[in-house]
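Okay, structure first, notes after.
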4 protein chains.
Amino acid sequence: MFFEINPSNGVAIFEQIARQVKYAVANGALRAGELVPSVRELATRLAVNPNTVARAYRDLQADGFLEAMRGEGLRVTKQAIERSGKHRTKLLHERIRQVVVEAKQSGLTEDEFYALVDQLWKKEQIEV
Amino acid sequence: MFFEINPSNGVAIFEQIARQVKYAVANGALRAGELVPSVRELATRLAVNPNTVARAYRDLQADGFLEAMRGEGLRVTKQAIERSGKHRTKLLHERIRQVVVEAKQSGLTEDEFYALVDQLWKKEQIEV
Amino acid sequence: MFFEINPSNGVAIFEQIARQVKYAVANGALRAGELVPSVRELATRLAVNPNTVARAYRDLQADGFLEAMRGEGLRVTKQAIERSGKHRTKLLHERIRQVVVEAKQSGLTEDEFYALVDQLWKKEQIEV
Amino acid sequence: MFFEINPSNGVAIFEQIARQVKYAVANGALRAGELVPSVRELATRLAVNPNTVARAYRDLQADGFLEAMRGEGLRVTKQAIERSGKHRTKLLHERIRQVVVEAKQSGLTEDEFYALVDQLWKKEQIEV
DNA sequence: GTGGTCTAGACCACC
DNA sequence: GTGGTCTAGACCACG
């Protein structure tokens with residue numbers, strides 16, 4: 001699991017952490033039943049306030065991605081992977097919708113927009 | 001010129017105002033040299049505080065979209081329209097890039113992604 | 001007498017007018033005793049509000065550059081030209097002082113500053 | 001870091017604050033990565049409204065001199081120092097140009113002008 | 001009438 | 001604790 005936090009990019013840190021956990025689940029880096037790093041460990045690893053990590057984990061529990069194992073820590077739920085799918089599809093859907101709206105408001109034609117999307121899809125590399 | 005403000009959609013009000021002015025420039029609803037509504041007038045029209053409108057206009061001046069005509073008001077600059085193009089292409093580019101990254105991280109295939117984009121492009125209506 | 005007004009450069013219009021009258025006196029384009037254009041005429045010529053021209057002329061009277069000739073208009077005073085000298089030397093003095101302060105605060109060395117001044121003096125053309 | 005605010009010298013307070021931060025960067029009193037005083041602290045120290053300080057800091061962010069560290073405060077960016085150079089050289093350039101124009105319009109000879117500059121450079125003391 | 005600045009004070013999210 | 005947004009209202013210079 002690979003975490004990269006940027007404290008000055010506008011996105012809340014706890015949100016960045018939560019997203020990255022979800023990504024890790026979505027692409028198999030984290031499997032169901034696996035334990036995530038403890039709050040304290042992750043906090044020191046990322047050089048971030050423990051409250052912030054706790055907040056991310058709390059949200060992930062509320063979303064059903066993590067569950068508390070008393071005395072052991074937090075582990076990835078069985079449903080996490082499927083949720084990961086639905087959840088993120090919904091989010092993606094909304095994100096794309098917004099981008100489409102912006103593109104249309106900017107006066108882009110369908111062709112121009114598709115060219116842009118195409119170019120970026122081909123260029124973008126994903127590190128996991 | 002058509003302004004629609006949603007005071008609780010996460011985007012700051014001044015930001016919504018600034019964007020809509022930029023859109024209006026981008027699609028020709030506002031032309032170079034034209035005066036924008038006065039701070040006070042727009043404030044009462046949108047039922048927001050004049051300072052909020054002023055903040056939006058100030059940002060637009062900083063971005064080179066508006067310029068102050070002493071005692072007359074604020075008008076759209078000559079460069080506004082070209083800036084509008086460059087500026088927004090850059091923003092859109094970044095937005096699309098982010099969406100592409102998300103899609104890839106979620107494990108979507110190229111076909112799935114394109115299908116989603118296609119569907120949303122066809123559905124989305126723009127009011128100007 | 002040649003007037004060029006820029007309503008969106010930060011300097012008050014009445015101030016621009018007043019300065020240009022002073023320049024005209026300083027370089028002989030306007031001589032002592034000569035009448036300046038009437039408020040109305042100048043206002044229409046410059047496409048500005050008559051109040052603005054009136055304000056400029058008012059300040060020029062307060063500074064002793066113009067005097068009212070009842071029924072005739074405003075004419076350049078005898079003292080205008082010498083005042084022009086003193087007055088502007090004082091202003092220039094202050095302006096230069098500010099620039100020097102800025103330069104020092106920016107960490108420029110004496111040589112760098114002089115080089116800059118030299119370059120600009122040689123380059124700058126004056127149209128009267 | 002030394003702040004001196006003059007609430008009635010024509011320059012807006014937020015502008016004075018912003019300039020002094022830039023100066024502090026330019027002459028090394030503030031280094032890249034360092035946190036600036038918090039909005040509230042500086043506001044009480046200078047006896048001005050927090051909004052005024054916030055305005056200055058906001059402008060500095062827009063200019064790329066500061067960046068927000070979520071929950072921590074605002075710190076000087078890496079690019080601040082180089083920007084400081086370019087930025088201020090450009091401003092100074094323009095200021096000097098204006099002064100040169102004024103001097104020429106006032107009929108000063110090169111020698112007179114240089115004498116004035118020289119005298120003021122030698123006299124002016126800078127406190128950092 | 002126009003915009004610009006400043007103050008005062010409230011509320012919010014985040015760390 | 002941090003900054004960010006918004007409101008309300010005052011005062012100013014300018015046209």
Side-chain angles (χ1 to χ4, degrees), chain A residues 5 7-8 10-17 43 46-56 59, chain B residues 5 7-8 10-17 35-43 46-61 66-75, chain C residues 5 7-8 10-17 43 46-56 59, chain D residues 5 7-8 10-17 35-43 46-61 66-75:
Chain A
I5 294 302
S8 62
V11 181
I13 294 174
F14 79 86
E15 180 70 21
Q16 295 183 48
I17 297 173
L46 300 180
V48 153
N49 192 306
N51 287 330
T52 308
V53 177
R55 166 74 186 271
D59 288 6
Chain B
I5 294 303
S8 62
V11 182
I13 295 175
F14 78 86
E15 182 67 24
Q16 295 182 48
I17 296 173
L35 290 178
V36 292
S38 82
V39 169
R40 289 161 172 85
E41 192 218 319
L42 189 53
L46 301 178
V48 299
N49 189 291
N51 283 330
T52 306
V53 177
R55 164 77 187 273
Y57 281 179
R58 181 154 25 92
D59 287 4
L60 287 166
Q61 283 183 76
L66 298 181
E67 63 185 345
M69 299 291 293
R70 312 201 52 122
E72 271 199 89
L74 297 166
R75 78 173 177 200
Chain C
I5 293 302
S8 63
V11 181
I13 294 174
F14 79 85
E15 181 68 24
Q16 294 182 49
I17 296 173
L46 301 179
V48 299
N49 191 305
N51 287 329
T52 308
V53 177
R55 166 73 188 273
D59 287 5
Chain D
I5 294 303
S8 62
V11 181
I13 295 174
F14 78 87
E15 181 68 24
Q16 295 183 49
I17 297 173
L35 290 177
V36 291
S38 83
V39 170
R40 290 162 173 84
E41 193 218 320
L42 189 53
L46 300 179
V48 299
N49 191 291
N51 283 330
T52 305
V53 177
R55 165 77 187 273
Y57 281 179
R58 180 155 25 91
D59 288 4
L60 288 166
Q61 283 182 76
L66 298 182
E67 64 185 345
M69 299 292 292
R70 312 200 50 122
E72 271 200 88
L74 298 165
R75 78 173 177 201

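Just so it is clear, the values below take in all heavy atoms, side chains as well, and ignore hydrogens, waters and symmetry mates. Source: prediction; values computed, not measured. To find a chain, count down the sequence lines: A is the first, B the second, and so on, and within it residues start at 1.
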* Asked: What's the shortest heavy-atom distance between D/E67 and A/S8, and which atoms?
  -> OE1-OG, 3.5 Å

* **Taking every non-hydrogen atom, the tightest pair across D/M69 and A/P7** => CE-CG, 3.5 Å

* Roughly how far apart are B/N49 CG and B/F14 CZ, rounded to 0.5 Å? -> 13.5 Å

* Asked: What are the two closest heavy atoms between D/L35 and D/R75, and how far apart are they?
  -> CD2-CB, 3.6 Å

* To do: Taking the side chain as every heavy atom from C-beta outward, state whether A/L46 and A/I13 have any atom pair closer than 4.5 Å.
  => no

* Asked: What pattern of brackets, bars and dots sums up DNA chain F from 5' to 3', given Watson-Crick or G-U wobble pairs under 3.5 Å, [ ] for crossing pairs and | for another strand?
  -> ||||||||||||||.

* C/V48 vs D/G73, nearer the 5' end of DNA chain F by closest nucleotide -> D/G73

* **Side chain proximity check, D/P37 to D/Y57, heavy atoms < 4.5 angstrom** => yes

Where do N or O atoms of nucleotides 12-15 of chain E meet protein N or O atoms at under 3.5 Å, pair by pair?
{"residue": "E/dC15", "atom": "OP1", "partner": "A/I13", "partner atom": "N", "Å": "2.8"}

* **Closest non-hydrogen atom pair between B/L66 and B/V36, with its separation** => CD2-CG1, 3.8 Å

* Could you say whether D/A47 or B/E41 is positioned toward the 5' end of DNA chain E, judged by the nucleotide with the nearest heavy atom to each? => B/E41

* To do: Check every strand shown and say whether D/Q61 touches a base, only sugar-phosphate, or nothing at a heavy-atom separation below 4.0 Å.
  => sugar-phosphate

* Side chain proximity check, B/R55 to B/D59, heavy atoms < 4.5 angstrom -> yes

* Structure fact -> Separation between CG (D/L74) and CD (D/Q61), nearest 0.5 Å, reads 5.0 Å

* Drop me the distance from C/T52's OG1 to C/Q16's CD, to the nearest 0.5 angstrom. => 10.5 Å

* Opening and closing nucleotides of DNA chain F in contact with chain C, under 4.0 Å to non-hydrogen atoms -> F/dC14 to F/dG15

